[in-house]
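Let me begin by presenting the structure, written as structure tokens, before commenting on it.
Order of the sequence lines sets the chain letters (A, B, ...), proteins ahead of strands, with each chain counted from 1. Not measured: the values here are computed from a predicted model.
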Amino acid sequence: MCGLFIPRHFSLRKVGMVTMRKKLSQEERQALERLRHSAAHVMADAVLTLFPEAKLTIGPPTEEGFYYDFDVPRPFAPEDLARIEEVMRQRVTADLLFVRREVSREEALRLFAGNPYKVELIREVPEGEAISTYTHGSFTDLCRGPHVESTGRIKAFKLLSAAGAYWRGDERNPMLQRIYGTAFEAQDDLDQYLQRLEEAQRRDHRKLGRELDLFSIHDEVGPGLVIWHPKGATIRSLMEEVWRAEHRRRGYQLVYTPHVGRARLWATSGHLDFYSENMFPAMELEGAQYYAKPMNCPFHIMYYQSAMRSYRELPLRVGELGTVYRYERGGVLHGLMRVRGFTQDDAHIFCRPDQVEEEVLGVLDLTVHLLGLFGFREFEVRLSTRPAKHVGEPGQWKMAEDSLRHALEGRGLQYEVDEGGGAFYGPKIDLDIRDAVGRAWQCTTVQFDFNEPQRFALTYQGPDGRLHQPYMVHRAILGALERFLGVLIEHYAGAFPVWLAPVQAVVIPIADRHNEYANSVEQTLKDRGLRAEVDDRSERMQAKIRAAQLQKVPYMLVVGDREAANGAVAVRLRSGEDLGALPLAQVVQRIVDEVQARG
RNA sequence: GCCCGAGUGGCGCAAUGGCAGCGCACCCGAUUUGUAAUCGGGUGGUUGGUGGGUUCGAAUCCCCCCUCGGGCUCCA
């Protein structure tokens, strides 16, 4: 079965987090981790002070800060965080030393005898590895360290939130209470981080989606199912247009396939065996069962199989903006980012062994190009290789992995390797984009599939006259249009570049007597293919400008007596810049040029 | 799914056991305005549920369900 698996406990925060803009050196990162880990200890100290019955579990530093999980009788309330923070400040002011002590396994077990979590951890420490505790003031915790010298070092910190979390992330385990916080070397860094958090909230696509009238989600329809409003649909269809054009240019065959298919198909593909918990339940029709498609691959395979294939036809690149439906558990749905019905910019490449590398390279070229069009130039790339449990031959895997590696290197992309992190059916490349706030989002995935060609017994006739099995590469570049648009909204904070803006220009008549001229301006713009509107409400010009600003319309064209007399428009940009009165023809050309340059 | 929190006109909020209210949006009227909100009037909610309970009385307290929000291994 083909790809786009998402881990069960995929956390949006994990990929969508607000990271530091500047790259830290190895030493700087370790120093920061030490500071945050120490802050976690001070927090645990404070929690024990206020809630003596709390049991400590784990409290690591994270990329954004730190957390500590506690076993407590009742969950923490927001007021508790303030009190905990208060006690933490006292500890920081007291400037207590962190003291390391190595202990024997027996002593450690004795020290933490009342705490089953710590006991479990101690038992897991490998034989021969030192077990240590760290103490500051009257607080001692089992800890590998290292820590800062003293609590006085922890000046810039803040507790952020409390939430439930399972012991070791496993829902079969007891639920603990987690407190998140963050700490930085300098107050300045902390302030900047908090500002970025606010900025991220300001850009929240759910908020902007409503304010800019882009989409809505309704109880009546169902959670995770999106209604695109005209303005959101405009952006989406523009995305689709460039996508299609770019794919045709690169030799993709574009198809349309149904949204449902018979159970037999999904049995053959393996989805019923391995993916059914993510599928909508079956519908019954004329005694046969049908499923909404969670993936497009079986349909693309049907196209492949609709004729005898020759080696001369390969590579066959079959693409589709294919809408799929997946059951996502209630708690993980999130605006456009995580939905139950979404459209993948999907394609499957069927090719010969000697074509594999070039095909992967082609996909990466297309990826860099397409993402670049939408303003993304920073990527994080991960290559995932063969896991212990897998299908296919070692030779196939090696060839596939090599081709992925070579393509990445050929394209000059830096990447990390996740050894054994591939799917059971093939190795893959995942690519995250970084948005304007510095957050990473997973979009692109390129996955080999050694499973389905076999299950469907795909063949092509080679020059030797015999039948061979093609390689199959599954790939999505934007990922899901819904998520990509969500990312795009936040990336641009709703102020889309002119070529994507749902309304590119609003014509603002100053008084009713200018409406006629305003309408003619609008028509001129529309005749040149631009998306324009007239605000002919009986409002003051200031109010119309405000409305257009809030809608983040790139061009505001004010027309009054002077402009009407001269065939001109007074141009205001959404930046607030006033270009003054210009001949209409000149302004139209400017906007058209900007659209053409995809500015 | 699990923990915590929240659901009040289209949107943002108020009312904490005693008459459901405000702002924006929308509609009507007046106004005709030169770069981020003109004035006045009006329509609109059986408070997520054609759920259950407590009470003389429920937006408010309790239970169930639904939806949304923050989280749910970056292992001492």
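For Tyr517(A) and His514(A), the distance between ring centers is not under 6.0 angstrom.
Using a 4.5 Å heavy-atom cutoff, the side chains of Ile84(A) and Leu159(A) are in contact. A heavy-atom distance below 4.5 Å is not found between the side chains of Arg574(A) and Val553(A).
Minimum atom distance to the side chain of Glu124(A) is reached by C75(B), of the listed U35(B), U73(B), C75(B). Across C72(B), U35(B), C74(B), the shortest atom-to-atom separation from the side chain of Thr62(A) is found for C74(B). For Met175(A), taking side-chain heavy atoms from C-beta onward, the closest of the listed nucleotides C2(B), G1(B), C66(B) is C2(B). Comparing C75(B), U38(B), C72(B) by their nearest atom to the side chain of Ala165(A) picks out C72(B).
Backbone-only engagement by Arg178(A) is indicated by non-hydrogen atom pairs under 4.0 Å involving sugar-phosphate atoms exclusively. Glu129(A) comes within 4.0 angstrom of a base, heavy atoms only. Residue-level contact check: Ala570(A) touches the bases, meaning some heavy atom is under 4.0 Å from a base atom. Within the 4.0 angstrom heavy-atom criterion, no nucleotide atom of any strand lies near Gly65(A). No engagement by Ala44(A) is indicated, since no non-hydrogen atom pair under 4.0 Å with the nucleic acid exists. Using a 4.0 Å heavy-atom cutoff across all strands shown, Asp69(A) reaches no nucleic acid atom at all. Nucleic acid contact class of Ser538(A) (heavy atoms, under 4.0 Å, all strands): base. Ile131(A) comes within contact range of at least one nucleobase, with a heavy-atom separation under 4.0 Å. Residue contacts shown for Ile510(A) include a base, since a base heavy atom lies under 4.0 Å away. The residue Pro223(A) sits close only to the backbone: its heavy atoms come under 4.0 Å of sugar-phosphate atoms, none of a base. Contacts of Gln549(A) with the nucleic acid, taken as non-hydrogen atoms under 4.0 Å apart, include base atoms.
Judged by the 6.0 Å distance and 45° axis criteria, Arg100(A) is not positioned over the aromatic ring of Tyr134(A).
A donor-acceptor contact under 3.5 Å links the side chain of Glu563(A) to the base of G34(B). Taking 3.5 Å as the limit, the base of G1(B) and the side chain of Tyr327(A) contain no donor-acceptor pair of atoms between them. Looking at Asp512(A), its side chain comes within 3.5 Å of the base of U32(B) through a donor and an acceptor atom.
Of the charged side-chain nitrogens involved, none lies within less than 4.0 Å of a carboxylate oxygen, so that Glu106(A) and Arg110(A) do not count as a salt-bridged pair. In this structure, Asp191(A) does not pair ionically with Lys158(A), as no charged nitrogen and carboxylate oxygen lie closer than 4.0 Å.
Between the CD atom of Gln177(A) and the P atom of U73(B) there is a distance of 14 Å, given to the nearest Å. The CD-P distance, from Gln542(A) to U32(B), rounds to 15 Å in whole Å. Whole-Å rounding puts the Ile179(A) CD1 to C4(B) C1' distance at 13 Å. Separating the CG atom of Leu208(A) from the C1' atom of C11(B) is a distance of 14 Å, rounded to the nearest angstrom. C74(B) atom C1' lies 15 Å from atom CD of Gln30(A), rounded to whole Å. Following rounding to the nearest Å, Leu550(A) (CG) and C11(B) (P) show an atom-to-atom distance of 18 Å. Rounded to whole angstrom, the span from the CZ atom of Arg206(A) across to the C1' atom of C68(B) amounts to 9 Å. If you take CD of Gln201(A) and P of G70(B), they are 9 Å apart, rounded to a whole angstrom.
Annotation: U47(B) and A58(B) have their P atoms spaced 11 Å apart (nearest Å). Distance check on atom P: C62(B) versus G17(B) gives 12 Å, rounded to whole Å. The gap from the C1' atom of C64(B) to that of G21(B) amounts to 30 Å, rounded to the nearest Å. Annotation: C68(B) and U8(B) have their C1' atoms spaced 15 Å apart (nearest Å). For the P atom pair drawn from U32(B) and U38(B), the interatomic distance equals 15 Å after rounding to whole Å. Nucleotides A30(B) and A36(B) place their P atoms 28 Å apart, quoted to the nearest Å. One P atom belongs to C2(B), the other to G44(B), and the distance between them is 41 Å to the nearest Å. Spacing of C1' atoms, A6(B) relative to U16(B), comes out at 16 Å, to the nearest Å.
Along RNA chain B, the nucleotide closest to Gly222(A) and the one closest to Pro75(A) are compared, and the more 5′ of them pairs with Pro75(A). Looking at which nucleotide of RNA chain B each of Ile545(A) and Arg340(A) is closest to, the 5′-most match is held by Ile545(A).
Across all strands shown, C22(B) forms a Watson-Crick or G-U wobble pair with G12(B), both key distances being under 3.5 Å. Of the nucleotides present, G71(B) is the one that pairs with C2(B) by Watson-Crick or G-U wobble criteria, both distances under 3.5 Å. Nucleotide U54(B) forms a pair with no other nucleotide shown, judged by Watson-Crick or G-U wobble geometry with both contacts under 3.5 Å. Pairing for G29(B) is with C39(B), a Watson-Crick or G-U wobble pair whose two hydrogen-bonding atom distances lie under 3.5 Å. Using the Watson-Crick or G-U wobble rule with both distances under 3.5 Å, A59(B) pairs with nothing in any strand shown.
Taking every heavy atom of both residues into account, Ala108(A) and Ile131(A) meet most closely at CB-CG2, 3.9 Å.
A side-chain donor-acceptor contact under 3.5 Å links Asn519(A) to the backbone of Asn515(A). Looking only at distances, no side-chain donor or acceptor of Thr445(A) sits under 3.5 Å from a matching main-chain atom of Asp430(A).
Applying the 4.0 Å criterion to OP1 and OP2 of G12(B), one finds that Arg210(A) has a side-chain N or O inside that range. For G34(B), the OP1/OP2 oxygens have no side-chain nitrogen or oxygen of Arg540(A) closer than 4.0 Å. Residue Arg513(A) places at least one side-chain N or O closer than 4.0 Å to OP1 or OP2 of U33(B). The side chain of Tyr180(A) places an N or O atom within less than 4.0 Å of a non-bridging phosphate oxygen (OP1 or OP2) of C72(B). When the side-chain nitrogen and oxygen atoms of Arg562(A) are compared with OP1 and OP2 of G34(B), none of them lie within a distance under 4.0 Å. For His334(A), a side-chain nitrogen or oxygen approaches OP1 or OP2 of G70(B) to under 4.0 Å.
Looking only at atom types and distance, the side chain of Arg572(A) has a donor-acceptor partner in the side chain of Gln549(A) under 3.5 Å away.
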